[in-house]
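Report on one structure; see the data block that follows.
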Amino acid sequence: AVLPLMLSGLAHDIATGPFGYKEVRYQLVPVLTACGAAYVVVAAAKISEKCTRVPSLINALSFGSGTERARQHVVDYIVSSGAGFYVFGIRVTMEMVLKFAYGWSMVGVALGSRLLGDGL
């Protein structure tokens with residue numbers, strides 16, 4: 001919700017701003033930075049989600065007779081290692097990304113309604 005609010009402000013400034021397109025570049029940088037950061041965090045969450053599926057994949061493979069015990073050790077090692085992306089010791093998952101986006105969208109809606117309410 002913060003990104004649409006920023007984009008609507010950008011469109012408003014393009015249409016009615018006293019400086020026209022000169023002010024656009026100053027507002028475009030934070031918008032592109034937010035989009036880039038969101039892309040990186042979502043990509044990290046996708047990789048973390050894929051890491052949770054690796055033990056099932058290895059468990060489904062067949063390496064010949066007599067390798068079941070070694071395969072189970074590998075699967076247990078992968079599960080206990082908790083592979084994925086971590087930020088400050090917290091695993092980045094898609095659930096966490098969606099909760100973060102939801103929280104910031106609520107902040108954006110609250111600030112936007114506050115600004116629009118004061119302006120009218």
Side-chain angles (χ1 to χ4, degrees):
V2 174
L3 184 62
L5 188 64
M6 292 171 79
L7 289 175
S8 67
L10 182 65
H12 180 267
D13 285 347
I14 289 173
T16 62
F19 302 110
Y21 291 102
K22 291 180 183 177
E23 292 295 316
V24 172
R25 63 180 168 189
Y26 297 119
Q27 294 178 357
L28 198 58
V29 171
V31 170
L32 293 177
T33 303
C35 288
Y39 179 79
V40 168
V41 171
V42 168
K46 284 181 182 179
I47 291 172
S48 291
E49 296 295 326
K50 286 181 182 181
C51 288
T52 61
R53 295 187 185 111
V54 171
S56 301
L57 173 68
I58 291 176
N59 211 17
L61 297 175
S62 176
F63 298 106
S65 62
T67 60
E68 291 83 16
R69 190 164 188 79
R71 182 179 64 205
Q72 187 60 40
H73 286 300
V74 170
V75 168
D76 288 340
Y77 176 75
I78 293 172
V79 169
S80 65
S81 70
F85 278 98
Y86 288 83
V87 175
F88 298 118
I90 300 171
R91 187 174 179 165
V92 179
T93 62
M94 195 60 76
E95 179 185 3
M96 185 181 82
V97 171
L98 290 175
K99 284 182 181 181
F100 185 77
Y102 177 76
W104 277 106
S105 66
M106 290 298 105
V107 169
V109 167
L111 288 175
S113 64
R114 179 75 140 201
L115 291 174
L116 290 175
D118 289 342
L120 296 177

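What you see is a predicted model, and the numbers here were worked out from it, not measured in a lab. Along the sequence shown, the residues carry numbers beginning at 1.
- Taking OH from Tyr39 and CG from Leu32, the interatomic distance works out to 15.0 Å, rounded to the nearest 0.5 Å.
- Taking a 6.0 Å sphere around CZ of Phe63, one finds it holds more than 12 heavy atoms contributed by other residues, nucleotides or ligands.
- Grouping the Ile, Leu, Val, Met, Phe, Trp and Tyr side chains by contacts below 4.5 angstrom, directly or via other members, places Val54 apart from Tyr86.
- For Ala83, the side chain to side chain contact (heavy atoms under 4.5 Å, CB included) partners two or more places apart in sequence, or in a different chain, are Cys51, Ser81.
- Screening residues 31-47 for salt bridge (charged side-chain N to carboxylate O under 4.0 Å, His left out), with sequence neighbours left out, gives no hits.
- Residue Val41 comes nearest to Val92 through the heavy atom pair O-CG1, 4.0 Å, listed as atom of the first residue, atom of the second, then distance.
- Side-chain atoms of Met96 and Val87, non-hydrogen and from C-beta on, never get closer than 4.5 Å to each other.
- Hydrophobic cluster membership differs between Leu98 and Trp104, with clusters built from Ile, Leu, Val, Met, Phe, Trp and Tyr side chains linked at under 4.5 angstrom.
- Among pairs with a residue in residues 53-66, none fulfils salt bridge (charged side-chain N to carboxylate O under 4.0 Å, His left out), at least two apart in sequence or across chains.
- Listed by chain and residue number, Ser105, Met106 satisfy the side chain to side chain contact (heavy atoms under 4.5 Å, CB included) test with Tyr102 (two or more places apart in sequence, or in another chain).
- If you take CG on Asn59 and CD on Glu68, they are separated by 10.0 Å, rounding to the nearest 0.5 Å.
- In this structure, Val74 is not a member of the same hydrophobic cluster as Leu57, with clusters built from ILVMFWY side-chain heavy atoms closer than 4.5 Å.
- By the side chain to side chain contact (heavy atoms under 4.5 Å, CB included) test, Val40 pairs with no residue at all, sequence neighbours left out.
- Interatomic distance, OG1 of Thr93 versus CZ of Phe85, reported as 13.5 Å (0.5 Å rounding).
- Shown here are the salt bridge (Lys or Arg N to Asp or Glu O under 4.0 Å) partners of Lys99, two or more places apart in sequence or in another chain: Glu95.
- Summarising the geometry, atom CZ belonging to Arg69 is positioned 13.0 Å from atom CZ belonging to Arg71; distances are rounded to the nearest 0.5 Å.
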